[in-house]
Amino acid sequence: MAGAAGSSSSLRRLLLLSLLTLIPLLATTTAAVGANSSVTYDQRSLIISGRRRLLISTSIHYPRSVPEMWPKLVAEAKDGGADCVETYVFWNGHEPAQGQYYFEERFDLVRFAKIVKDAGLYMILRIGPFVAAEWTFGGVPVWLHYVPGTVFRTNNEPFKSHMKRFTTYIVDMMKKEQFFASQGGHIILAQVENEYGDMEQAYGADAKPYAMWAASMALAQNTGVPWIMCQQYDAPDPVINTCNSFYCDQFKPNSPTKPKFWTENWPGWFQTFGESNPHRPPEDVAFSVARFFGKGGSLQNYYVYHGGTNFGRTTGGPFITTSYDYDAPIDEYGLRRLPKWAHLRDLHKSIKLGEHTLLYGNSSFVSLGPQQEADVYTDHSGGCVAFLSNVDSEKDKVVTFQSRLYDLPAWSVSILPDCKNVVFNTAKVRSQTLMMDMVPANLQSSKHDGWSIFIEKYGIWGNVDLVRNGFVDHINATKDSTDYLWYTTSFDVDGSHLAGGNHVLHIESKGHAVQAFLNNKLIGSAYGNGSKSNFSVEMPFNYRVLPFNVITTCKSFLGSAYGNGSKSNFSVEMPANLRAGKNELSLLSMTVGLQNGGPMYEWAGAGITSVKISGMENRIIDLSSNNWAYKIGLEGEYYGLFKPDQGKNIRWMPQSEPPKNQPLTWYKVNVDVPQGDDPVGLDMQSMGKGLAWLNGNAIGRYWPRTSPASDRCTSSCDYRGTFSPNKCRTGCGQPTQRWPV
């Protein structure tokens with residue numbers, strides 16, 4: 001991805017800035033809201049400075065792109081018809097250690113907010129601070145799980161205390177910058193919690209008191225703007241409950257005094273490693289938006305308008321890809337996705353033509369057929385706006401409205417801003433289609449030393465971190481300071497038991513992946529992403545780190561076996577070539593993003609749960625209660641080999657060509673910045689599984705895991721009918737994420 005690493009180095013800045021040279025900066029610096037403006041609401045809409053407003057909002061998450069991209073992204077949203085930019089606030093990015101705050105580079109919230117304000121757009125700040133968003137641990141810091149007595153998202157005093165403290169910290173930061181509309185700024189809404197209404201039953205009697213406390217705590221912040229709670233069906237007055245879904249036209253607020261808001265319209269969907277790529281047709285996105293405004297909605301937000309990249313280890317899931325492209329109107333590289341971007345821009349213009357009548361007029365419903373209807377708005381000045389809908393998912397229809405005939409394609413809405421002339425139909429895409437293609441470019445080494453490598457030791461390196469009889473949980477041991485945890489043990493085998501045996505190593509794990517080394521040799525690798533993942537495998541393994549300008553990669557998988565399903569636990573059987581006497585077994589357990597949501601999600605563990613060996617005269621050796629030694633992380637991580645100042649570290653071994661099929665290997669190379677202004681990606685198709693760094697900045701995980709050939713793909717996508725992420729998919733039998741950066 002262009003600017004994937006978020007580097008602050010001069011070379012990287014030059015590359016990023018070159019992507020922006022064709023995009024003029026916005027001339028206006030006028031704030032969207034005037035001094036001391038009021039933001040209130042009634043049953044119809046948000047009221048800003050005494051005027052009802054119909055608002056198009058766009059999600060752009062600041063940590064998922066680099067700061068150099070922010071002005072262009074915001075400008076593209078504005079050109080696409082946006083009134084607002086919405087973002088979550090990512091607690092674990094801003095407070096990585098208790099009491100230690102970080103608001104630099106990609107996490108510079110104030111800088112991002114100023115860019116939005118200077119563009120003349122409003123801002124919606126979803127503080128949460130639980131946010132989910134396919135973000136690791138739902139945005140909550142891992143350290144909070146280890147504060148004694150803490151249980152997330154329930155009526156728990158330690159959790160509430162820390163949640164209030166962080167919320168107040170963010171609110172005070174925004175107040176200091178005078179960003180709230182009540183101060184003359186541009187923040188018109190704030191959100192507390194996130195989609196908790198769907199969780200309340202699972203949390204029992206303490207759920208509702210917690211939800212009510214969260215609302216009360218938010219209101220006590222005195223921001224001077226309304227607060228929202230999405231998917232919170234019992235949100236107390238004056239907090240507004242809102243809808244998140246592919247369709248929200250039938251949504252009704254929990255009070256007749258509240259307006260109808262849609263905080264998450266999903267224009268696409270996220271992707272997981274080893275899965276085909278989901279797409280939502282622009283015709284269906286437009287259909288959902290037109291239906292929402294036709295049925296009385298007044299604020300709609302695209303989640304997401306630009307998805308970006310899950311840099312470093314920020315992706316959740318587990319197994320969510322580093323790319324968070326989401327099939328959004330602006331793609332991962334910051335380019336317009338056509339025709340989706342243009343089709344929605346034209347839709348926004350059409351809806352805005354009737355804004356006054358929609359917000360101040362009276363509405364009526366007219367049946368035009370069994371599955372055809374009109375939503376009509378009229379005002380005292382003679383204004384008339386109509387939305388003609390055909391919700392039949394198969395048949396086009398001709399309908400009569402006010403003595404005129406109108407053609408309505410299946411699953412479409414026609415917008416008539418004067419109740420006579422159709423200015424837009426959601427099924428008729430007028431924009432050109434733009435297909436992006438990655439053109440190979442030969443990267444030239446900028447230094448004479450070429451490639452360098454560092455090969456990890458298999459098993460314990462340095463001093464042992466833990467010794468236990470039995471297994472420790474992976475996440476409890478690492479506190480998510482790394483993806484990697486070594487489990488090592490030894491055991492003796494009587495030579496008389498080896499003759500004629502087909503010895504098999506059996507491993508069970510809570511997730512997410514494992515590499516097995518027996519007597520200092522790789523015997524197999526496996527990973528989960530399924531609740532039924534039993535399989536056998538024997539294969540080599542690799543791990544890498546790439547630098548660009550300095551590209552560093554650490555590659556861990558060469559081949560693998562896995563199960564497909566909804567969970568990350570798995571079991572695996574591997575042929576084991578035992579020897580008489582002492583045998584050394586080293587298991588490298590790996591996480592691929594932490595659980596990001598669900599009831600009690602913070603208790604979801606990872607790591608090895610059972611190790612057995614079979615095939616010796618019908619005997620099974622259970623090593624689960626053995627004495628196990630543990631080492632947290634990899635040696636290359638410990639020495640920071642990915643950092644630019646470690647380029648001359650003696651551990652790096654120069655190579656004329658990078659070795660292939662080499663397990664647990666770090667790779668480093670210096671290259672010149674490619675010529676031109678186009679976005680840049682790294683083709684990782686020939687790699688296994690690993691992590692990549694650019695100029696010392698963690699780009700993220702790469703894993704070109706091939707999706708099944710029969711993974712729900714179709715030769716064409718029919719926009720008609722209710723959409724789900726399983727409906728329109730591409731990339732079956734292809735690497736999940738060939739271009740992660």
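By convention here, the first residue in the shown sequence is residue 1.
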* Check against ring pair (Phe, Tyr, Trp, His ring centres under 6.0 Å), H279 and Y719 -> CA-CA 10 Å; H279 301 275; Y719 73 87; over 10 Å; no

How about [X] and [Y]: does a side-chain donor come under 3.5 Å of a side-chain acceptor?
X    : Y    : result
T242 : W262 : no
S414 : N425 : yes
Y326 : D331 : no
Q372 : N390 : yes
R64  : N310 : yes
Q300 : N265 : yes
S49  : S37  : yes
N244 : T263 : yes
W266 : E264 : yes
T378 : N362 : no
T154 : N156 : no

Is the ring centre of [X] less than 6.0 Å from the ring centre of [Y]?
X    : Y    : answer
W411 : F287 : yes
F424 : H348 : no
F261 : F251 : no
F159 : F130 : no
Y601 : F137 : yes

* Asked: Can you check salt bridge (Lys or Arg N to Asp or Glu O under 4.0 Å) on E283 and K428, steps first, answer last?
  -> CA-CA 7 Å; E283 299 94 330; K428 297 179 180 180; over 6 Å; no

Side chains of [X] and [Y] in contact at under 4.5 Å (non-hydrogen atoms):
X    : Y    : answer
V376 : C419 : yes
D42  : P259 : no
R729 : E275 : yes
V85  : Y305 : no
T400 : L368 : no
S389 : E373 : yes
M163 : Y210 : yes
T168 : Q221 : yes

Tell me whether the rings of [X] and [Y] are parallel (<30°), tilted (30 to 60°) or perpendicular (>60°).
X    : Y    : answer
Y196 : Y203 : tilted
F387 : Y377 : perpendicular
W269 : F246 : tilted

* Asked: side-chain hydrogen bond (donor to acceptor under 3.5 Å, both in side chains) between W135 and Y88: does it pass, once the steps are laid out?
  -> CA-CA 11 Å; W135 186 274; Y88 279 125; over 6 Å; no

Treating [X] as the side-chain partner and [Y] as the backbone partner, does any N or O pair qualify as donor plus acceptor under 3.5 Å?
X    : Y    : answer
S276 : D711 : yes
R53  : S298 : no
E134 : G316 : no
R337 : A328 : yes

* Inspect the contact between D249 and K295 and indicate whether a charged nitrogen and a carboxylate oxygen are less than 4.0 angstrom apart. => no

* To do: Could you please spell out the steps behind the ring pair (Phe, Tyr, Trp, His ring centres under 6.0 Å) verdict for Y247 and F723?
  => CA-CA 9 Å; Y247 308 94; F723 178 79; 8.0 Å; no

* **C243 and C230 SG atoms under 2.5 angstrom apart** => no

[atom1]-[atom2] distance between [X] and [Y], expressed to the nearest 0.5 angstrom:
X    : Y    : atom1 : atom2 : value
N241 : N254 : CG    : CG    : 3.5 Å
C84  : L189 : SG    : CG    : 7.5 Å
I240 : Q191 : CD1   : CD    : 11.5 Å
H343 : L347 : NE2   : CG    : 7.0 Å
N301 : Y303 : CG    : OH    : 10.0 Å
N92  : F166 : CG    : CZ    : 9.0 Å

* Decide whether a cation-pi geometry holds between R52 and Y360; the criteria are a distance under 6.0 Å from NZ or CZ to the six-membered ring centre and an angle within 45° of the ring axis. => yes

Between [X] and [Y], what is the shortest heavy-atom contact and its length?
X    : Y    : answer
I127 : W227 : CD1-CH2, 4.0 Å
D79  : R336 : OD2-NH2, 3.7 Å
S182 : V225 : N-CG1, 4.4 Å

* **Criterion side-chain hydrogen bond (donor to acceptor under 3.5 Å, both in side chains) on N726 and S724, from CA distance to verdict** => CA-CA 5 Å; N726 293 325; S724 78; 4.6 Å; no

* To do: Please report the C-alpha distance between E200 and R153 in whole Å, then the side-chain angles of each, then the deciding distance to 0.1 Å, and finally whether the salt bridge (Lys or Arg N to Asp or Glu O under 4.0 Å) criterion is met.
  => CA-CA 10 Å; E200 283 196 15; R153 306 183 74 201; over 6 Å; no

* Asked: What's the verdict on salt bridge (Lys or Arg N to Asp or Glu O under 4.0 Å) for D237 and K258, showing C-alpha distance, side-chain angles and the deciding distance?
  -> CA-CA 9 Å; D237 292 344; K258 298 178 182 179; 3.2 Å; yes

* To do: Apply side-chain hydrogen bond (donor to acceptor under 3.5 Å, both in side chains) to the pair S323 and E332, showing each step before the final yes or no.
  => CA-CA 7 Å; S323 171; E332 182 179 10; 2.8 Å; yes

* Intermediate values then yes/no, side-chain hydrogen bond (donor to acceptor under 3.5 Å, both in side chains), S255 and T257 -> CA-CA 5 Å; S255 168; T257 64; 2.8 Å; yes

* To do: Please indicate whether K352 has more than 12 foreign heavy atoms, meaning atoms of other residues, nucleotides or ligands, lying under 6.0 Å from its NZ.
  => yes

* Determine, stepwise, if the pair H94 / Y169 fulfils ring pair (Phe, Tyr, Trp, His ring centres under 6.0 Å). => CA-CA 11 Å; H94 291 302; Y169 192 95; 9.0 Å; no

* To do: Please lay out, stage by stage, how D346 and R430 fare under the test salt bridge (Lys or Arg N to Asp or Glu O under 4.0 Å).
  => CA-CA 9 Å; D346 296 343; R430 307 298 186 188; over 6 Å; no

